[in-house]
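All chains are named by letter (A, B, ...) in the order of the sequence lines, taking the proteins before the strands, and each is independently numbered beginning at 1. Computed from heavy atoms alone, side chains included, the values below leave out hydrogens, waters and symmetry copies.
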Amino acid sequence: MKQQIVALLTGALFGVGLSVSQMVDPEKVLAFLDITGNWDPSLALVMGGAVAVTLLTFRRVLCLSRPLFASRFQIPGNEAIDLPLLAGAAIFGIGWGISGYCPGPAIASITFGSYEPAIFIIAFIVGNFLAILWQGSKVEPMAEH
Amino acid sequence: MENFTPYSAVIGGALIGTAATLLLWLNGQIAGVSGIVQGAIKMHSPDRLWRILFLAGLVCGGSLWLQIMGPSFTPRDNFPLLLLLIAGTLVGFGSRIGNGCTSGHGVCGLGRTSGRSAAATVTFFSVALATTFIVQHVLGGIS
(Lines give C-alpha, C1' and ligand atoms only; values in the text may rest on other atoms or scores of the structure.)
Protein backbone atom coordinates (compact mmCIF):
# COMPACT_ATOMS: atom_id res chain seq x y z
CA MET A 1 0.00 0.00 0.00
CA LYS A 2 2.81 2.42 0.93
CA GLN A 3 4.57 1.57 -2.32
CA GLN A 4 1.46 2.40 -4.34
CA ILE A 5 1.05 5.79 -2.61
CA VAL A 6 4.73 6.56 -3.19
CA ALA A 7 4.36 5.66 -6.88
CA LEU A 8 1.37 7.99 -7.28
CA LEU A 9 3.03 10.89 -5.41
CA THR A 10 6.45 10.59 -7.07
CA GLY A 11 4.71 10.38 -10.45
CA ALA A 12 2.81 13.56 -9.59
CA LEU A 13 6.02 15.33 -8.47
CA PHE A 14 7.71 14.22 -11.69
CA GLY A 15 4.75 15.62 -13.66
CA VAL A 16 4.92 18.93 -11.77
CA GLY A 17 8.67 19.11 -12.52
CA LEU A 18 8.04 18.58 -16.22
CA SER A 19 5.35 21.29 -16.13
CA VAL A 20 7.38 23.84 -14.13
CA SER A 21 10.31 23.39 -16.52
CA GLN A 22 7.92 23.60 -19.52
CA MET A 23 9.26 20.36 -20.95
CA VAL A 24 5.59 19.48 -21.57
CA ASP A 25 5.76 21.96 -24.47
CA PRO A 26 7.24 20.14 -27.50
CA GLU A 27 8.08 23.48 -29.12
CA LYS A 28 10.29 24.37 -26.14
CA VAL A 29 12.06 21.02 -26.53
CA LEU A 30 12.55 21.62 -30.27
CA ALA A 31 13.79 25.17 -29.51
CA PHE A 32 16.60 23.48 -27.54
CA LEU A 33 17.31 20.82 -30.16
CA ASP A 34 17.42 23.42 -32.93
CA ILE A 35 20.83 24.81 -32.00
CA THR A 36 21.30 26.83 -35.18
CA GLY A 37 17.83 28.37 -34.89
CA ASN A 38 16.57 30.76 -32.19
CA TRP A 39 18.26 28.65 -29.53
CA ASP A 40 16.67 28.10 -26.10
CA PRO A 41 19.17 26.36 -23.77
CA SER A 42 16.52 25.66 -21.07
CA LEU A 43 16.40 21.88 -21.61
CA ALA A 44 20.08 21.58 -20.74
CA LEU A 45 19.39 23.22 -17.38
CA VAL A 46 16.40 20.94 -16.76
CA MET A 47 18.57 17.89 -17.37
CA GLY A 48 21.40 19.52 -15.40
CA GLY A 49 19.11 20.32 -12.45
CA ALA A 50 17.70 16.79 -12.40
CA VAL A 51 21.10 15.08 -12.72
CA ALA A 52 22.65 17.39 -10.09
CA VAL A 53 20.09 16.00 -7.63
CA THR A 54 20.38 12.34 -8.66
CA LEU A 55 24.20 12.51 -8.68
CA LEU A 56 24.09 13.75 -5.08
CA THR A 57 21.44 11.36 -3.82
CA PHE A 58 21.59 8.07 -5.75
CA ARG A 59 25.03 7.11 -4.46
CA ARG A 60 23.90 7.56 -0.85
CA VAL A 61 20.56 5.82 -1.40
CA LEU A 62 22.25 2.84 -3.06
CA CYS A 63 24.58 2.47 -0.06
CA LEU A 64 21.54 1.50 2.03
CA SER A 65 20.93 -2.22 2.41
CA ARG A 66 17.40 -1.93 1.03
CA PRO A 67 14.74 0.65 0.10
CA LEU A 68 12.44 1.84 2.87
CA PHE A 69 9.25 0.15 1.61
CA ALA A 70 10.60 -2.67 -0.59
CA SER A 71 12.85 -5.68 -0.15
CA ARG A 72 15.53 -4.72 -2.67
CA PHE A 73 16.68 -2.12 -5.20
CA GLN A 74 15.70 -2.95 -8.79
CA ILE A 75 18.71 -1.59 -10.67
CA PRO A 76 19.59 -2.69 -14.21
CA GLY A 77 22.55 -5.08 -14.00
CA ASN A 78 23.49 -4.80 -17.66
CA GLU A 79 26.41 -2.39 -18.14
CA ALA A 80 27.29 -3.40 -21.72
CA ILE A 81 27.56 -0.64 -24.31
CA ASP A 82 26.37 -2.69 -27.26
CA LEU A 83 24.70 -2.26 -30.63
CA PRO A 84 21.08 -2.58 -29.42
CA LEU A 85 21.71 0.17 -26.85
CA LEU A 86 23.25 2.60 -29.34
CA ALA A 87 20.88 1.77 -32.20
CA GLY A 88 17.89 2.04 -29.86
CA ALA A 89 19.08 5.38 -28.49
CA ALA A 90 19.67 6.66 -32.04
CA ILE A 91 16.17 5.59 -33.19
CA PHE A 92 14.74 7.22 -30.06
CA GLY A 93 16.67 10.39 -30.91
CA ILE A 94 15.19 10.56 -34.42
CA GLY A 95 11.62 10.35 -33.11
CA TRP A 96 12.36 12.85 -30.33
CA GLY A 97 14.07 15.25 -32.76
CA ILE A 98 11.17 15.11 -35.23
CA SER A 99 8.33 15.65 -32.74
CA GLY A 100 9.79 17.20 -29.58
CA TYR A 101 8.02 14.55 -27.50
CA CYS A 102 9.49 11.88 -25.28
CA PRO A 103 7.30 9.59 -23.13
CA GLY A 104 7.27 11.52 -19.81
CA PRO A 105 6.21 14.94 -21.12
CA ALA A 106 3.67 13.38 -23.51
CA ILE A 107 1.93 11.57 -20.64
CA ALA A 108 2.13 14.56 -18.28
CA SER A 109 0.51 16.84 -20.88
CA ILE A 110 -2.26 14.49 -22.00
CA THR A 111 -5.00 16.64 -20.42
CA PHE A 112 -3.71 19.96 -21.80
CA GLY A 113 -6.19 20.08 -24.68
CA SER A 114 -4.11 19.05 -27.68
CA TYR A 115 -4.71 15.66 -29.29
CA GLU A 116 -0.98 15.28 -30.00
CA PRO A 117 0.22 13.66 -26.74
CA ALA A 118 -2.43 10.91 -26.90
CA ILE A 119 -1.59 10.10 -30.54
CA PHE A 120 2.11 10.08 -29.66
CA ILE A 121 1.56 7.68 -26.75
CA ILE A 122 -0.53 5.31 -28.88
CA ALA A 123 2.24 5.29 -31.49
CA PHE A 124 4.81 4.82 -28.69
CA ILE A 125 2.96 1.67 -27.55
CA VAL A 126 2.78 0.40 -31.14
CA GLY A 127 6.54 0.98 -31.47
CA ASN A 128 7.05 -0.95 -28.26
CA PHE A 129 5.14 -3.96 -29.54
CA LEU A 130 7.03 -3.81 -32.85
CA ALA A 131 10.29 -3.89 -30.88
CA ILE A 132 9.08 -6.87 -28.83
CA LEU A 133 8.19 -8.72 -32.05
CA TRP A 134 11.54 -7.80 -33.58
CA GLN A 135 13.47 -8.86 -30.47
CA GLY A 136 11.43 -12.06 -30.23
CA SER A 137 12.17 -13.03 -33.81
CA LYS A 138 15.88 -12.39 -33.27
CA VAL A 139 16.63 -13.64 -29.78
CA GLU A 140 14.12 -16.19 -28.62
CA PRO A 141 10.85 -17.78 -29.65
CA MET A 142 7.74 -15.81 -28.75
CA ALA A 143 6.37 -16.50 -25.29
CA GLU A 144 3.42 -18.86 -25.33
CA HIS A 145 0.06 -17.65 -24.14
CA MET B 1 17.70 33.40 -26.66
CA GLU B 2 14.72 35.47 -25.46
CA ASN B 3 12.82 32.25 -24.69
CA PHE B 4 15.48 31.03 -22.26
CA THR B 5 13.92 30.31 -18.84
CA PRO B 6 16.87 29.36 -16.61
CA TYR B 7 15.16 29.52 -13.19
CA SER B 8 12.08 27.46 -13.98
CA ALA B 9 14.31 25.03 -15.89
CA VAL B 10 16.64 24.39 -12.93
CA ILE B 11 13.77 24.27 -10.39
CA GLY B 12 11.68 21.93 -12.57
CA GLY B 13 14.73 19.77 -13.19
CA ALA B 14 15.47 19.57 -9.46
CA LEU B 15 11.85 18.49 -8.81
CA ILE B 16 12.25 15.73 -11.42
CA GLY B 17 15.51 14.63 -9.76
CA THR B 18 13.80 14.68 -6.34
CA ALA B 19 10.93 12.52 -7.63
CA ALA B 20 13.45 10.03 -9.04
CA THR B 21 15.34 10.02 -5.72
CA LEU B 22 12.19 9.36 -3.68
CA LEU B 23 11.07 6.51 -5.95
CA LEU B 24 14.50 4.88 -5.61
CA TRP B 25 14.90 5.47 -1.87
CA LEU B 26 11.36 4.43 -0.86
CA ASN B 27 10.43 1.80 -3.47
CA GLY B 28 13.81 0.79 -4.91
CA GLN B 29 12.64 1.58 -8.43
CA ILE B 30 14.20 3.56 -11.28
CA ALA B 31 11.98 6.40 -12.57
CA GLY B 32 12.38 5.56 -16.25
CA VAL B 33 9.10 6.49 -17.90
CA SER B 34 9.47 4.29 -21.01
CA GLY B 35 10.27 1.24 -18.84
CA ILE B 36 7.38 2.02 -16.52
CA VAL B 37 4.98 2.22 -19.48
CA GLN B 38 6.35 -1.06 -20.84
CA GLY B 39 5.73 -2.78 -17.49
CA ALA B 40 2.31 -1.18 -17.15
CA ILE B 41 1.01 -2.52 -20.47
CA LYS B 42 2.46 -6.00 -19.99
CA MET B 43 -0.18 -8.57 -19.09
CA HIS B 44 0.37 -10.78 -16.02
CA SER B 45 3.11 -8.51 -14.68
CA PRO B 46 3.25 -8.84 -10.89
CA ASP B 47 4.04 -5.19 -10.21
CA ARG B 48 1.79 -3.52 -12.71
CA LEU B 49 -0.16 -1.51 -10.14
CA TRP B 50 2.62 0.82 -8.97
CA ARG B 51 3.56 1.51 -12.59
CA ILE B 52 -0.02 2.44 -13.49
CA LEU B 53 -0.19 4.64 -10.39
CA PHE B 54 3.09 6.37 -11.26
CA LEU B 55 1.75 7.14 -14.75
CA ALA B 56 -1.56 8.32 -13.26
CA GLY B 57 0.50 10.55 -10.96
CA LEU B 58 2.33 11.96 -13.97
CA VAL B 59 -1.02 12.89 -15.56
CA CYS B 60 -2.29 14.34 -12.24
CA GLY B 61 0.89 16.36 -11.65
CA GLY B 62 0.65 17.95 -15.09
CA SER B 63 -3.10 18.62 -14.75
CA LEU B 64 -2.76 19.97 -11.23
CA TRP B 65 -0.06 22.44 -12.24
CA LEU B 66 -2.19 23.56 -15.18
CA GLN B 67 -5.22 24.06 -12.90
CA ILE B 68 -3.27 26.02 -10.29
CA MET B 69 -1.02 28.13 -12.52
CA GLY B 70 -3.13 28.37 -15.66
CA PRO B 71 -1.78 27.66 -19.14
CA SER B 72 1.78 28.92 -19.62
CA PHE B 73 1.86 28.03 -23.31
CA THR B 74 -0.52 27.13 -26.11
CA PRO B 75 -0.26 23.37 -26.68
CA ARG B 76 0.77 22.62 -30.25
CA ASP B 77 -2.02 20.85 -32.15
CA ASN B 78 -1.13 21.31 -35.80
CA PHE B 79 1.73 18.83 -36.14
CA PRO B 80 1.26 16.56 -39.19
CA LEU B 81 -0.50 13.39 -37.99
CA LEU B 82 1.61 10.99 -40.03
CA LEU B 83 4.87 12.49 -38.73
CA LEU B 84 3.56 12.33 -35.17
CA LEU B 85 2.72 8.63 -35.64
CA ILE B 86 6.14 7.93 -37.13
CA ALA B 87 7.91 9.85 -34.35
CA GLY B 88 5.95 8.07 -31.60
CA THR B 89 6.63 4.67 -33.15
CA LEU B 90 10.36 5.42 -33.42
CA VAL B 91 10.50 6.61 -29.80
CA GLY B 92 8.61 3.48 -28.64
CA PHE B 93 10.77 1.14 -30.72
CA GLY B 94 14.06 2.83 -29.82
CA SER B 95 13.44 3.09 -26.09
CA ARG B 96 12.53 -0.61 -25.97
CA ILE B 97 15.61 -1.75 -27.93
CA GLY B 98 17.86 0.66 -26.03
CA ASN B 99 16.25 -0.03 -22.62
CA GLY B 100 15.49 3.55 -21.69
CA CYS B 101 14.69 7.12 -22.53
CA THR B 102 15.43 10.65 -21.34
CA SER B 103 14.38 9.82 -17.78
CA GLY B 104 15.75 6.28 -17.36
CA HIS B 105 19.12 6.77 -19.06
CA GLY B 106 19.35 10.55 -18.67
CA VAL B 107 18.08 11.53 -15.22
CA CYS B 108 18.53 8.19 -13.41
CA GLY B 109 21.34 6.48 -15.35
CA LEU B 110 23.63 9.51 -15.20
CA GLY B 111 22.79 9.84 -11.48
CA ARG B 112 24.17 6.39 -10.77
CA THR B 113 27.15 7.11 -13.07
CA SER B 114 26.32 4.30 -15.47
CA GLY B 115 28.61 4.27 -18.51
CA ARG B 116 25.89 2.48 -20.46
CA SER B 117 23.37 5.23 -19.73
CA ALA B 118 25.94 7.93 -20.51
CA ALA B 119 26.54 6.33 -23.92
CA ALA B 120 22.78 6.16 -24.58
CA THR B 121 22.26 9.77 -23.46
CA VAL B 122 25.07 11.14 -25.64
CA THR B 123 23.70 9.12 -28.56
CA PHE B 124 20.08 10.20 -28.34
CA PHE B 125 20.97 13.85 -27.74
CA SER B 126 23.39 13.89 -30.70
CA VAL B 127 20.93 12.16 -33.02
CA ALA B 128 18.04 14.38 -31.90
CA LEU B 129 20.12 17.53 -32.52
CA ALA B 130 21.09 16.25 -35.98
CA THR B 131 17.50 15.22 -36.75
CA THR B 132 16.10 18.61 -35.76
CA PHE B 133 18.77 20.37 -37.82
CA ILE B 134 17.89 18.29 -40.89
CA VAL B 135 14.13 18.74 -40.42
CA GLN B 136 14.30 22.49 -39.75
CA HIS B 137 17.13 23.64 -42.00
CA VAL B 138 17.65 21.03 -44.72
CA LEU B 139 14.06 19.98 -45.33
CA GLY B 140 12.71 23.45 -44.54
CA GLY B 141 10.73 22.79 -41.36
CA ILE B 142 7.35 21.32 -40.54
CA SER B 143 3.95 23.02 -41.11
Side-chain angles (χ1 to χ4, degrees), chain A residues 3-4 6-8 10-17 19-21 25 33-34 40 42 45-46 49-51 53-55 57-58 61 67-70 73 79 81 84-86 88-99 102-104 107-108 111-112 114 119-120 123-124 127-128 130-131, chain B residues 3-5 8-10 12-17 19-29 33-34 50 53-54 57-58 60-63 65 73 75 77 84-85 87-98 101-103 107 110-112 116 119-120 123-124 127-129 131-132 136:
Chain A
Q3 282 194 51
Q4 317 304 350
V6 166
L8 184 67
T10 53
L13 186 61
F14 204 112
V16 169
S19 301
V20 169
S21 59
D25 179 3
L33 293 174
D34 188 9
D40 175 359
S42 303
L45 291 188
V46 180
V51 173
V53 172
T54 57
L55 268 176
T57 60
F58 273 32
V61 166
L68 210 53
F69 302 144
F73 290 106
E79 266 301 318
I81 298 174
L85 176 82
L86 299 177
I91 293 168
F92 173 92
I94 296 172
W96 190 34
I98 291 175
S99 64
C102 57
I107 293 170
T111 64
F112 287 13
S114 166
I119 299 287
F120 178 87
F124 172 87
N128 243 294
L130 291 176
Chain B
N3 296 323
F4 185 33
T5 50
S8 62
V10 171
L15 293 176
I16 293 167
T21 299
L22 290 171
L23 190 65
L24 185 68
W25 175 42
L26 302 173
N27 287 5
Q29 298 285 355
V33 177
S34 61
W50 79 263
L53 287 169
F54 181 90
L58 209 48
C60 292
S63 313
W65 190 254
F73 69 100
D77 61 0
L84 192 61
L85 289 169
T89 306
L90 290 172
V91 168
F93 190 91
S95 61
R96 177 89 200 189
I97 302 289
C101 60
T102 352
S103 49
V107 175
L110 295 184
R112 55 187 190 90
R116 180 174 155 85
T123 304
F124 63 63
V127 173
L129 289 164
T131 301
T132 306
Q136 300 298 331

Taking every non-hydrogen pair under 4.5 Å, which of [options] racks up the most with chain A?
| options | value |
| --- | --- |
| B/Asp77, B/Leu110, B/Val33, B/Leu15 | B/Asp77 |
| B/Thr123, B/Leu84, B/Leu85, B/Leu23 | B/Leu84 |
| B/Ser63, B/Cys60, B/Ser103, B/Gly111 | B/Gly111 |
| B/Leu90, B/Leu22, B/Asn3, B/Leu26 | B/Leu26 |
| B/Val107, B/Leu53, B/Thr102 | B/Leu53 |

Point to revise | CG on A/Leu33 to CG on A/Asp40, rounded to 0.5 Å | key: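 With rounding to 0.5 Å, CG (A/Asp40) is 10.5 Å from CG (A/Leu33).
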Go through [options] and name the one with the most non-hydrogen pairs under 4.5 angstrom from chain B.
| options | result |
| --- | --- |
| A/Leu86, A/Thr57, A/Val51, A/Ile94 | A/Ile94 |
| A/Cys102, A/Gly104, A/Gly97 | A/Gly97 |
| A/Leu130, A/Thr111, A/Val61 | A/Val61 |
| A/Leu85, A/Ile91, A/Leu55, A/Ile81 | A/Leu85 |

N/O donor-acceptor pair under 3.5 Å between [X] side chain and [Y] backbone:
| X | Y | result |
| --- | --- | --- |
| B/Asn27 | A/Gln3 | yes |
| A/Ser42 | B/Thr5 | yes |
| A/Gln4 | B/Trp50 | yes |

Ignoring hydrogens, what is the shortest heavy-atom contact between [X] and [Y]? Give both atom names and the distance.
| X | Y | result |
| --- | --- | --- |
| A/Gly15 | B/Leu58 | N-CD1, 3.5 Å |
| A/Ser19 | B/Trp65 | CB-CD1, 3.4 Å |
| B/Ser95 | A/Phe92 | CB-CD1, 4.0 Å |

**Study point:** Under 4.5 Å from a heavy atom of chain A, the part of B/Phe4 involved
**Key:**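 Both backbone and side chain of B/Phe4 come within 4.5 Å of chain A.
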